J.: 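The structure follows.
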There are 2 protein chains.
Amino acid sequence: MVGTVATTRERLLRAARELVEEGGYGAASVAAIAGRAGVASGTLYRHWPSKSELFVELFRSVCDREVAALVAVGRDLRGRSGVERIEAQLALFAERALRNPRLAWALIAEPVDPLVDAERLAYRKAYAQGLEDALRDAVAAGEVPAQDVELTAATLVGGVGEALVGPVSPLGAAGRDAAAVVAALRVFARRAVGAAPTGEVPTGEVHPAG
Amino acid sequence: MVGTVATTRERLLRAARELVEEGGYGAASVAAIAGRAGVASGTLYRHWPSKSELFVELFRSVCDREVAALVAVGRDLRGRSGVERIEAQLALFAERALRNPRLAWALIAEPVDPLVDAERLAYRKAYAQGLEDALRDAVAAGEVPAQDVELTAATLVGGVGEALVGPVSPLGAAGRDAAAVVAALRVFARRAVGAAPTGEVPTGEVHPAG
DNA sequence: CTTGCCCGTGAATCCCGGTTCACATCCTAG
DNA sequence: CTAGGATGTGAACCGGGATTCACGGGCAAG
């Protein structure tokens, strides 16, 4: 079974994902999903007990990919400073979101139904957790001042998400350069956690890492 | 019209607001609104052409109050520094949101329908704009480094909103002290815009209390 | 008085989208 | 070849919620 034609199940999943990417959950009705997959509505129920469960599976698979990427970054930068890891994680987050804003919005915020919302929560927590860990290290290492790491992490995740896909996003308006936005967000993040400006060491002395 | 008994129209608006405060838009069906207002469903259509339009009016009135409060703060602090104004605005935002999280969530994020969503956008823009203005002043005055003010403002609005009412919010979990959260957010905001730590001059280093 | 308008009623209606199910079709095991 | 399971079909069904409308009652103006 190498490079086979996609099974119906896969086609349904793909159709659902595409629809969500294009128009959010609202655009992904059973009829639309089945239609795009080239099958009848009833077919969907041969593979999932309900539409919600299809969404859960879809959501989970997409999130797993995202989180995996995040974890990979964390591993690659194991030796680096906490601040560097935070920056890298947020930059990755931003880049991926910018590449597919609709999907990002669906993953980050759009409410669907309780089942999917629970998944989303887990996803977000994973994200915030990654930041939190790096931030704690940074605090311990004296790279940044002591702070409410939980709140900082949550605010960063929310803020960056918002800035990227939210309704006030400056991106929506003019077509900005994605790379520039990512760069600006890195700077923002550095400041927000209390790190010294890029490349500099905080006025010479830092507290010994303990 | 001195302290008269509420008109049916007013009772409907109030009922709708209460329902949204308690359970979000989902809980505010026509039947529920009419029921709480003590009238029949059909009555609603004597006053608005559709449910959406009622929501638009409701949304607008609530937002106007919020924005008015914001503007008032801006005016009161006219003499103060840009950073102080930013802090004050965010703190106000946070306090109000914490006082009524459900409503805040509805105003900040919960999708309803295109008509209302357009209103939300205006509201958010007003908010971000207030921050942006203050931030620009701060940059001009040299209180904070040059930066992408638009992006900083958007990220702050989103981040604070998220931290307060979002699903990853640390508030949801343990019952935190609202005042403490507001204080932490002020600190976060100062850092995020690049201001010196409270009351200190940029030259001194900060030490974790420990 | 009576005409007409505003306001209120609530059951009927409409709409939309998820879900079901009786009926093929295909494929594999026996 | 045939039975039976898996898969696919799509029209019909259903529930929930917005919207309509034929039917009063009050009330001010003519």
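Values below: all heavy atoms of this structure, side chains included; hydrogens, waters and symmetry mates excluded. Throughout, a chain's letter reflects where its sequence line sits, starting with A, and its residues are numbered from 1. A quick note: this is a predicted structure, and the numbers were derived from the prediction, not measured.
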J.: Is it true that A/Lys51 and A/Asp113 make a salt bridge, defined as a side-chain N closer than 4.0 Å to a carboxylate O?
T.: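 Looking at A/Lys51 and A/Asp113, the cut-off is not met.
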J.: What's the separation between atom CG in B/Leu13 and atom CZ in B/Arg17, rounded to the nearest 0.5 Å?
T.: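 CZ of B/Arg17 is found 9.0 Å from CG of B/Leu13.
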J.: Rounded to the nearest 0.5 Å, what separation is found between the CG atom of A/Asp64 and the CZ atom of A/Arg60?
T.: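 A/Asp64 CG to A/Arg60 CZ: 8.0 Å, rounded to 0.5 Å.
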J.: Output yes when a side-chain donor or acceptor of B/Glu143 lies under 3.5 Å from a complementary backbone atom of B/Val83, and no otherwise.
T.: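 Yes, the answer is positive, given that a donor and an acceptor are paired below the 3.5 Å cut-off.
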J.: Run B/Leu185 and B/Leu90 through side-chain contact (heavy atoms from CB on, under 4.5 Å) and show every step you take.
T.: CA-CA 8 Å; B/Leu185 279 175; B/Leu90 283 175; over 6 Å; no
J.: Look at A/Arg190 together with A/Glu87 and state whether they make a salt bridge at an N to O cut-off of under 4.0 Å.
T.: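 Counted as a salt bridge, because a side-chain N and a carboxylate O are separated by less than 4.0 Å.
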J.: Between B/Thr43 and C/dT9, is there a contact of a side-chain N or O with OP1 or OP2 at under 4.0 Å?
T.: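 It does, given that an N or O in the side chain of B/Thr43 lies less than 4.0 Å from OP1 or OP2 of C/dT9.
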J.: For the helix from C/dC1-D/dG30 to C/dG30-D/dC1, what is the angle between the axes at its two ends, each from 5 pairs, rounded to 10°?
T.: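 Between the axes fitted at each end of the helix from C/dC1-D/dG30 to C/dG30-D/dC1 lies an angle of 20°.
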J.: Would you indicate whether A/Arg14, at its atom CZ, is surrounded by more than 12 heavy atoms from other residues, nucleotides or ligands within a distance under 6.0 Å?
T.: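 Check fails, neighbour count at 12 or below.
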J.: Look for any protein N or O under 3.5 Å of an N or O in nucleotides 18-24 of chain C and output each such pair with its distance, or none.
T.:
from, atom 1, to, atom 2, distance (Å)
C/dG18, OP1, A/Lys51, NZ, 2.3
C/dG18, OP2, A/Val30, N, 2.8
C/dT19, OP2, A/Tyr45, OH, 2.6
C/dT19, OP2, A/Lys51, N, 3.0
C/dT19, O5', A/Tyr45, OH, 3.4

J.: Which label fits B/Tyr127 and B/Phe93: parallel for a plane angle under 30°, tilted from 30 to 60°, or perpendicular past 60°?
T.: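 Taking B/Phe93 first and then B/Tyr127, their aromatic rings sit tilted (interplane angle of 30° to 60°).
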J.: Reading DNA chain D 5' to 3', which nucleotide is the first, and which the last, to come under 4.0 Å of any heavy atom in chain B?
T.: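 Result: D/dA18 to D/dA22.
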J.: Any side-chain heavy atom of A/Thr152 sitting closer than 4.5 Å to one from B/Arg191?
T.: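 SC-SC contact between A/Thr152 and B/Arg191 confirmed.
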J.: Between B/Arg124 and B/Ile108 (side chain of the first, backbone of the second, donor and acceptor by atom type, cut-off under 3.5 Å), is there such a pair?
T.: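 Yes, the answer is positive, given that a donor and an acceptor are paired below the 3.5 Å cut-off.
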